[in-house]
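Please read the structure below before turning to the comments.
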Amino acid sequence: MDFKKKISELLKKELKLDLDYESLLEVPPNISLGNYAFPCFKLSKDLKKAPNQIANDLTKIKKPNWIKEIKSNGPYLNFYLNPEHYFKKILKAIEKQKDKFGSSNIGKNKTIVIDYSSPNIAKPFSIAHLRSTAIGNSLYKINSFLGYKVIGINYLGDWGLQFGKLIIAFKKWGDNNKLKENPIKYLYELYVKFHEQESEALENEARAWFCKLENGDKEALDIWKKFSTLSLKEFKKFYTLMDVKFDSFKGEAAYNKDLNKVIRMLKNKGITEMSEGALIVKLENIAPCLLKKKDEASLYATRDIAAAIDRKKQYNFTKALYVVDVRQSLHFQQFFSVLNKAGFEWSKDLEHVPFGLMRFKEGTMSTRKGKIIFLEDVINNAIASVSKIIKQKNPKLKNKEKVAQQVGIGAVFFWDLSHDRVKDLEFDWEKVLDFEGETGPYVQYTFARASSILRKAKKKVASNVDYSLFKQDKEIKLISMLDRFNEVIKDAAVQSKPSVLARFILELAQLFNEFYHICKCLGNDVEKEVSSARLLLVQTTAQVLKNGLNLLGISAPLEM
RNA sequence: GGGCCCGUAGCCCAGCCUGGAUAGGGCGACAGCCUUCUAAGCUGUAGGUCGAGGGUUCAAAUCCCUCCAGGCCCA
């Protein structure tokens, strides 16, 4: 935390060179090399000495009481902090701040709008939608934790030609009861049937119905409304199960009324031009942005421009994130540039947070052919698998269903979030339903283990312990790891990468398990003082694991 | 044709932004560890030209260039 700053000041005072000491300081690869290290290579030119010599000379720095030792190791200067100070400071902070540990107020009075999940109402909510949903949800929590006011927007895909297809399919083959039973899957069945029966005549009918819809035809609108309302209700049920929340469900259709206005505005700014019958905005270095095609309805870009302007007006954000897959990169660049060209200086605050595609072992998923994996099925499958394991391993567990749900969802979410979002992610049932190794359940299990110790201790964990009793390598490593939590959260936020946080808690859980096997906390053969100290470490580690999991949108059950 | 992303053990991945001390995990394989805090765990062994080549640097998986392979987008 601020030990880094303090050491930098120390070095600056000693060397009197104008350097960014803080960023030069690093954490050594091995705890035996100290808590912080200062590489001396860069100084050798200025000081006209060999790095080894410089490091050696610097060991003479007068040690303040919070530093135990300063040693040189080749060209490195290693700082060993005084455990009394260092351990106490970290553990006390966690103990005091509890669920707030790791939070900050750097986002105070700033608003971030995050657009995520955003499914197409007429198309199925497939496993591919997991990415945007999980990443966006986590970014929502992380940024809130840093003090930002966050607005989560589900920009529903509730408009487009697919509605023409669905309307005609529903009129031909539809059944109201089936629709009400399971609107999302039923609409999807109709969508697939439409494409099975695909013919030019059918396509034309679909186009005609969408045209009617765009022109405000009552029958078309009524059917559309029915589809939207029923689907949204179903989506919301599912979001509740996953514990994913939004502040707004304002979808594409809501901006229909603004499209002409936006086009007029852009025309008035003189940045549009006609090209082959289409209205476009020419841009530097990238392909022009199409606002309106010759015959067809307005394109996505116009709608997104309308939505961005609306969001700026309503929320006055300092940043707006679009958690959308990487294929849309150009599209975002284009409409951001159009806004920029139109003179909206806040267009620089718009940011596309892209993620790689979901891939499948056996070819690609095809929406039209009905070869699709529903996210709901994946989650239910995970929950069922967890249930089986609970029955086997912990049959006496109370509220089994609830825990199975938390762990099942945790497995699916963590699987996605632990991978760097920019890379493609290969869907594999075996991997998603794996609960061992680098998985969500592993982290949750670690938390449950820690909680179990605290339960069995049967007394309040003492806050004043003898910090010099942390002598084991694993204990020291664990405490140093806890110290990094604040930094990790900020890093995850800056990069908009929950994976940074996921990797951290995974590593923390691994360390805890190693500690768990070597360091006994309870029992007659453990000295009282040692027990107290270790219990405090267990409690603080559990707290950080929990905070980390929650920021990923994953629950931390006390038992599993 | 133009642009963006990616390439690290048999497989999946972290590290790359911000260059530093022997390149880390997981799965799978093999060998161990439950009368003691939850074995969804832990320990050990085997497994690496960090896609290739060049450059910058005291130092390159990390930065720059070229090439190769894969993915995506635009016309």
Side-chain angles (χ1 to χ4, degrees), chain A residues 20 22-24 26-30 32-34 37-45 50-52 55 73-76 78 276 285-290 325-334 352 354-357 359 364 385-386 389-390 392-394 396-397 407 410-411 415 418-426 428 430-431 434-458 474 491 494-495 497 499-500 502-504 506-507 509-510 512-526 531 534-535 538 558-560:
Chain A
D20 185 2
E22 206 168 329
S23 68
L24 283 173
E26 50 193 64
V27 178
N30 197 312
S32 67
L33 295 167
F38 182 69
C40 299
F41 307 97
K42 288 217 166 81
L43 303 174
S44 70
K45 261 186 198 158
N52 292 34
N73 188 323
Y76 289 90
N78 295 331
E276 293 169 41
N285 301 326
I286 52 172
C289 181
L290 269 80
D325 82 67
V326 68
R327 287 175 302 186
Q328 307 277 342
S329 289
L330 179 63
H331 163 72
F332 282 106
Q333 262 188 64
Q334 288 173 323
H352 177 210
F355 54 84
L357 301 182
R359 313 209 143 274
T364 39
S385 304
V386 172
I389 295 177
I390 290 177
Q392 224 177 73
K393 305 205 174 194
N394 198 355
K396 286 184 205 152
L397 181 68
V407 176
W415 166 71
S418 60
H419 292 87
D420 186 341
R421 61 172 165 74
V422 308
K423 295 185 185 175
D424 286 353
L425 186 58
E426 191 184 77
D428 178 353
E430 269 182 45
K431 285 233 175 69
D434 186 10
F435 309 131
E436 291 170 21
E438 292 176 330
T439 67
Y442 172 84
V443 180
Q444 290 172 311
Y445 177 74
T446 309
F447 174 78
R449 269 181 145 180
S451 303
S452 171
I453 295 180
L454 297 172
R455 227 177 6 255
K456 292 201 169 144
K458 284 187 179 153
K474 302 286 182 201
D491 199 18
V494 167
Q495 298 190 60
K497 283 188 177 180
S499 60
V500 172
R503 285 284 149 191
F504 171 83
L506 202 50
E507 213 177 310
Q510 280 168 339
F512 180 83
N513 281 317
E514 290 166 19
F515 157 82
Y516 180 95
H517 279 272
I518 291 175
C519 304
K520 290 272 175 277
C521 302
L522 303 172
N524 297 331
D525 50 341
V526 184
S531 171
R534 286 180 181 171
L535 283 172
V538 172
L558 289 163
E559 290 178 71
M560 63 184 269

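- Spacing of P atoms, B:A9 relative to B:U49, comes out at 8 Å, to the nearest Å.
- Atom CG of A:Asp20 has more than 12 neighbouring heavy atoms from other residues, nucleotides or ligands inside a 6.0 Å radius.
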In B/S/- notation, 5' to 3', how is nucleotides 26-32 of chain B contacted by protein heavy atoms closer than 4.0 Å?
SS-----
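- A gap of 15 Å separates the P atoms of B:G71 and B:C12, to the nearest Å.
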Expected rows: protein N/O vs nucleotides 34-37 of chain B N/O, under 3.5 Å:
unit_1	atom_1	unit_2	atom_2	d
B:C37	O3'	A:Lys456	NZ	3.3
B:C37	O2	A:Cys521	N	3.3
B:C37	O2	A:Leu522	N	3.2
B:C37	N3	A:Cys521	N	3.2
B:C37	N4	A:Tyr516	O	2.2
B:C37	N4	A:Cys519	O	3.0

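- Checking B:G41, B:C72, B:C13 against the side-chain heavy atoms of A:His419 singles out B:C13 as nearest.
- A stem is defined here as three or more consecutive Watson-Crick or G-U pairs, each with both distances under 3.5 Å; for RNA chain B these stems are B:1-5 with B:70-74, B:10-13 with B:24-27, B:29-33 with B:41-45, B:51-55 with B:63-67.
- Using a 4.0 Å heavy-atom criterion, one finds that A:Tyr442 contacts the sugar-phosphate atoms exclusively.
- Straight-line distance from the CD atom of A:Glu514 to the P atom of B:A39: 15 Å, rounded to whole Å.
- Residue contacts for A:Asn78: at a heavy-atom cut-off of 4.0 Å it reaches a base atom on one of the strands shown.
- Summarising the geometry, the separation between CD on A:Gln495 and C1' on B:A14 is reported as 13 Å, rounded to the nearest angstrom.
- Nearest to the side chain of A:Leu33, among B:A21, B:C58, B:A40, sits B:A21.
- Relative orientation of the A:Phe515 and A:Phe512 rings is tilted, given thresholds of 30° and 60° on the angle between their planes.
- Atom CG of A:Asp420 and atom CZ of A:Phe355 lie 13.0 Å apart (nearest 0.5 Å).
- Between the CD atom of A:Glu26 and the C1' atom of B:A21 there is a distance of 8 Å, given to the nearest Å.
- What separates CG of A:Asp325 from P of B:G71 is a distance of 17 Å, to the nearest Å.
- Contacts of A:Gln495 classified as side-chain contact (heavy atoms from CB on, under 4.5 Å), with partners at least two apart in sequence or in another chain: A:Asp491, A:Lys497, A:Val500.
- Note on A:Asp420: only backbone sugar-phosphate atoms sit closer than 4.0 angstrom, heavy atoms only; bases stay farther off.
- Going from the P atom of B:A40 to that of B:A46 covers 28 Å, rounded to whole Å.
- Look at the P atom in both B:U56 and B:A61: the space between them is 16 Å, to the nearest Å.
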Nucleotides 5-10 of chain B: which of its N/O atoms have a protein N/O under 3.5 Å away?
unit_1	atom_1	unit_2	atom_2	d
B:G7	OP1	A:Lys423	NZ	3.1

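- Counting any heavy atom pair closer than 4.0 Å across all strands shown, A:Leu535 reaches no nucleic acid atom.
- Straight-line distance from the CD atom of A:Glu507 to the C1' atom of B:A14: 9 Å, rounded to whole Å.
- Distance from the side chain of A:Lys393 is smallest for B:A40 among the nucleotides B:U22, B:C13, B:A40.
- Comparing B:A21 with B:U62, their C1' atoms sit 16 Å apart, to the nearest whole Å.
- A:Ala448 comes within 4.0 angstrom of a nucleotide base, judged by non-hydrogen atoms across all strands.
- Comparing B:A40, B:C72, B:U22 by their closest approach to the side chain of A:Leu357 singles out B:C72.
- Considering NE2 of A:His352 and CG of A:Asp325, their distance stands at 7.0 Å, rounded to 0.5 Å.
- Base orientation of B:C5: anti, since the glycosidic angle falls outside 90° of 0.
- Atom CD in A:Glu276 sits roughly 11 Å away from atom P in B:A75 (whole-Å rounding).
- When the P atom is compared between B:C6 and B:G10, the two are found 23 Å apart, to the nearest whole Å.
- For A:Leu330 and B:G3, the CG to P distance is 13 Å, given to the nearest whole Å.
- The distance from atom CG of A:Asn285 to atom P of B:G2 is 15 Å, rounded to the nearest whole Å.
- Taking atom P in both B:U36 and B:G28, one finds a spacing of 26 Å when rounded to whole Å.
- Looking at heavy-atom distances under 4.0 Å, A:Pro354 makes no contact with the nucleic acid at all.
- In terms of position on RNA chain B, the residue among A:Leu506 and A:Lys474 whose nearest nucleotide sits closer to the 5' end is A:Leu506.
- To the nearest whole angstrom, the two P atoms, one in B:G47 and one in B:G25, are 15 Å apart.
- A:Ala450 comes within contact range of no nucleotide atom at all, as no heavy-atom separation falls under 4.0 Å.
- Note that OG of A:Ser499 is 11.5 Å distant from CG of A:Leu506, once rounded to the nearest 0.5 Å.
- Minimum atom distance to the side chain of A:Ile390 is reached by B:A40, of the listed B:C58, B:C72, B:A40.
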Does the pair A:Met560 and A:Lys393 meet the rule for a side-chain contact (heavy atoms from CB on, under 4.5 Å), with working shown?
CA-CA 9 Å; A:Met560 63 184 269; A:Lys393 305 205 174 194; over 6 Å; no
Identify all side-chain donor-acceptor contacts of residues 445-457 of chain A below 3.5 Å with residues at least two apart in sequence or on another chain.
unit_1	atom_1	unit_2	atom_2	d
A:Thr446	OG1	A:Tyr442	O	2.6
A:Thr446	OG1	A:Asn513	ND2	3.2
A:Arg449	NH1	A:Asn513	OD1	2.7
A:Ser451	OG	A:Phe447	O	2.8

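- The two residues A:Pro28 and A:Ala37 have their closest heavy-atom pair at CG-CB, 3.8 Å.
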